[in-house]
Amino acid sequence: MLDIQFIRDNPDIVKAAIQNKKTEPVDVAELIALADSRKALGQELDALNRARNDAQKNRDIETGKRLKDEAAALEAKYAAVEKSYVALMLKLPNIPSPDTPVGMSDDANKVLREVGEKPHFGFSPKPHWELGEALGLIDQETAGEVSGARFTYIKGDLALMQFALLSLSMSILTNEETLADIARRAGLTVSTKPFVPVIPPYMMKSAVMNRMARLQPLDERYFFEKDDIVLVGSAEHTLGPMHMDESIPEAELPIRYVGYSPAFRREAGTYGKDTRGLIRLHHFDKIEMETFVRPQDGYTEQDFIVAIQEHFLQLLGLPYQVVLKCTGDQGTPDHRALDMETWMPGQNAYRETHTSDYMGGYQSRRLNTRVKHASGESEVLHMNDATLVAMGRMLAAILENYQQADGTVRVPRALRPFLGKDVIGA
RNA sequence: GGAGGUGUGGCUGAGUGGUCUAAAGCACCUGACUUGAAAUCAGGCGUCCGGGUAACUGGACCGUGAGUUCGAAUCUCACCGCCUCCGCCA
């Protein structure tokens with residue numbers, strides 16, 4: 001949700017955002033008119049309530065009865081306006097950052113940099129599903145019989161590799177010195193406060209997911225109507241509301257969480273796309289970063305998070321490119337969104353493996369998560385969320401980049417201490 | 001799943017229909033006393049939405065939402081959270 005004052009002051013920016021994002025159109029003039037009448041009715045109601053309170057204090061029962069009816073009528077009017085107003089407010093997308101490229105499809109995305117050297121093979125590199133199936137590390141056929149399409153069994157050394165990735169991730173994000181080092185090398189002046197590891201709930205109330213602006217499209221969610229509960233599509237969904245309806249003292253910021261959870265996605269409308277392998281599954285596990293900062297620190301925080309993501313990819317020796325997503329490719333609540341796409345030699349393509357979303361105050365305004373300044377003033381704080389490891393896709397990238405002529409796969413050096421071997425599938 | 005409790009400001013906690021403008025204590029802030037601190041004393045101290053340059057001022061908020069009443073923290077109903085016991089269970 002946007003700030004109504006911002007909308008009043010910058011209607012053209014809001015109109016441009018509606019036009020440039022893939023979002024349902026909203027009549028901004030109508031919204032402002034509703035805001036005006038809501039405000040006027042509110043003032044009228046305040047005055048009426050004052051008179052009513054006076055009558056009550058004086059035990060003026062006649063006047064009290066009359067004003068009660070008047071107030072009821074006015075309240076009904078106010079409620080109707082409020083309802084339309086909120087409905088439009090919730091439809092408005094976040095404003096894209098000034099550096100976000102304008103465009104409707106990913107063709108307009110801007111590649112900021114390509115990092116790392118693509119591996120050269122003396123043979124034709126295979127896609128990870130062929131490698132994985134041949135080595136007995138991936139069993140999609142059995143998963144298809146048991147669970148259906150877009151599910152998989154990850155087995156043996158590949159399952160161990162997932163745990164190794166988890167351990168490596170936590171060792172980085174909970175270590176203040178490592179974080180300070182990452183910040184220094186990225187040239188960022190930023191708090192080096194470590195991340196708090198969290199295993200969050202995997203299901204949540206639909207109303208809270210809606211406050212995260214993540215319930216829609218509902219078609220993409222697994223929703224249990226009987227219990228009014230939704231499976232999370234990311235740890236973000238239950239990490240983000242941890243501080244809803246709270247005012248956090250400025251001195252306690254930033255607050256940083258790293259969550260490990262499954263991500264459940266219906267993948268509606270993607271039939272026929274990426275049907276093999278670990279790229280597009282109804283369930284995968286993910287390590288997610290979620291941070292809460294002062295508004296003035298939002299961009300730097302995102303730069304820091306991207307630096308962490310890049311550090312991690314470099315540590316694994318995976319070539320990747322950093323992409324600034326265009327307006328049409330951004331999510332509704334995003335202010336600035338970057339993707340990291342990792343090179344998959346078996347598919348001869350960069351594939352999206354990481355996302356970094358800076359939300360500004362869009363989610364926190366709905367969640368009512370605020371920062372309280374030393375002066376006593378409070379305002380909506382800013383939120384960032386980002387992938388550290390999307391397990392399926394990271395395992396796929398490692399398999400494809402580290403494959404050898406004999407079909408076995410080397411283990412990235414950084415993972416060896418956690419995995420306990422140099423080669424898998426041997 | 002069954003039974004019984006309970007939800008009040010940062011915290012503890014009083015308040016069962018009308019100066020509640022929510023007692024009191026703790027914590028916190030300011031000032032006085034003090035070389036400084038502690039102790040003591042005096043005062044202040046919630047959130048949100050409006051009006052006003054400002055001093056100030058109007059409204060809403062006692063888990064949430066409905067209801068009864070001229071009037072609700074207080075009565076009624078539903079929901080949510082937490083606690084205790086029983087049952088079941090990794």
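Predicted model, so just to flag it, every value in this text is computed and none were measured. Numbered from 1 within each chain, the chains take letters A, B, ... in sequence-line order.
On the P atoms, B:rC28 is 29 Å away from B:rC62, given to the nearest whole Å. Nucleotides B:rC88 and B:rC75 are separated by 38 Å at their C1' atoms, to the nearest Å. Nucleotides B:rG87 and B:rG17 have their C1' atoms positioned 42 Å apart, rounded to a whole Å. Using atom P as the reference point in both B:rA72 and B:rA66, the two lie 14 Å apart (nearest Å). On the C1' atoms, B:rA78 is 15 Å away from B:rU68, given to the nearest whole Å. The gap from the P atom of B:rC45 to that of B:rC56 amounts to 10 Å, rounded to the nearest Å. The same atom, P, is picked in B:rG4 and in B:rG65; the two are 27 Å apart, to the nearest Å. Taking atom C1' in both B:rA42 and B:rC49, one finds a spacing of 34 Å when rounded to whole Å.
Rounded to whole Å, the distance from CD on A:Q5 to P on B:rC49 is 12 Å. Rounded to an integer number of Å, the gap from A:R66 CZ to B:rG71 P is 14 Å. Atom P of nucleotide B:rC48 and atom CD of A:E246 are separated by 14 Å, given to the nearest angstrom. One atom, NZ of A:K65, and another, P of B:rU68, lie 14 Å apart when rounded to the nearest Å. Rounded to whole Å, atom C1' of B:rC49 lies 13 Å from atom CZ of A:R8. For the pair A:D228 CG and B:rG81 P, the interatomic distance rounds to 11 Å; values are reported in whole Å. A:E70 has its CD atom 14 Å from the C1' atom of B:rC70, to the nearest Å. Protein atom NZ of A:K57 is 15 Å distant from nucleotide atom P of B:rG71, rounded to whole Å.
Under the Watson-Crick or G-U wobble criterion, with both distances below 3.5 Å, B:rA72 is left unpaired in every strand shown. Pair assignment for B:rA24: B:rU12, on the basis of Watson-Crick or G-U wobble contacts that are both within less than 3.5 Å. The partner of B:rC77 is B:rG65, judged by Watson-Crick or G-U wobble contacts that both fall below 3.5 Å. Base pairing of B:rG1: its partner is B:rC86, meeting the Watson-Crick or G-U wobble criterion (both donor-acceptor distances under 3.5 Å). Across all strands shown, nothing is found opposite B:rU19 as a Watson-Crick or G-U wobble partner with both distances under 3.5 Å. Across every strand in view, B:rU40 sits in a pair with B:rA32 that passes the Watson-Crick or G-U test at under 3.5 angstrom. For B:rA60, the paired nucleotide is B:rU47, the pair qualifying as Watson-Crick or G-U wobble because both relevant distances are below 3.5 Å.
For an aromatic pair to be called close, the ring centres must be under 6.0 Å apart, and A:F163 with A:F418 fails this. Centroid-to-centroid, the aromatic rings of A:F292 and A:H243 come within less than 6.0 Å. In this structure, A:H311 has its ring center at least 6.0 angstrom away from the ring center of A:F304.
Not one N or O on the side chain of A:N10 forms a donor-acceptor pair closer than 3.5 Å with the backbone of A:I13.
Of the candidates B:rG51, B:rU47, B:rG18, the closest approach to any side-chain atom of A:R59 belongs to B:rG18. Taking every side-chain heavy atom of A:Q56 into account, B:rG18 is the closest of B:rC48, B:rG50, B:rG18. The side chain of A:R52 has B:rG71 as its nearest neighbour among B:rG50, B:rU47, B:rG71. Comparing atom distances between the A:K205 side chain and each of B:rG46, B:rC80, B:rG50 picks out B:rC80 as nearest.
Taking the nucleotide of RNA chain B with the nearest heavy atom to each of A:R38 and A:D60, the more 5' of the two is matched to A:R38. Where A:N368 and A:E62 meet RNA chain B, the nucleotide closest to each residue was compared, and A:N368 sits on the side nearer the 5' end.
When each of A:V423, A:L419, A:I398 is tested with A:V411 by the rule side-chain contact (heavy atoms from CB on, under 4.5 Å), just one qualifies, namely A:L419. The side-chain hydrogen bond (donor to acceptor under 3.5 Å, both in side chains) test with A:S234 singles out one residue from A:R214, A:K286, A:R265, and that residue is A:K286.
As judged by a 4.0 angstrom heavy-atom cut-off over every strand, A:T63 is placed among residues making no nucleic acid contact. Contacts of A:K39 with the nucleic acid, taken as non-hydrogen atoms under 4.0 Å apart, involve only primed sugar atoms and P, OP1 or OP2.
No salt bridge links A:K68 with A:E75; every basic N to acidic carboxylate O contact stays at or beyond 4.0 Å. Here A:R50 does not pair with A:D46 in a salt bridge; the nearest charged N to carboxylate O distance is not below 4.0 Å.
Checking the phosphate oxygens (OP1, OP2) of B:rG71, a side-chain nitrogen or oxygen of A:K68 falls inside 4.0 Å. Within the structure, every side-chain polar atom (N or O) of A:S378 is placed at least 4.0 Å from both OP1 and OP2 of B:rU47. Between A:K372 and the phosphate of B:rU47, there is a side-chain N or O to OP1/OP2 separation shorter than 4.0 Å.
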Please list each protein N or O that sits under 3.5 Å from an N or O in nucleotides 55-64 of chain B, with the distance.
from   : atom 1 : to    : atom 2 : distance (Å)
B:rG58 : N2     : A:D46 : OD2    : 3.1
B:rG59 : O2'    : A:D46 : OD1    : 2.7

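With rounding to the nearest 0.5 Å, the separation of CE in A:M1 from CD1 in A:I7 is 9.0 Å. Atoms CZ and CD, on A:R184 and A:E177 in that order, are 9.5 Å from each other to the nearest 0.5 Å.
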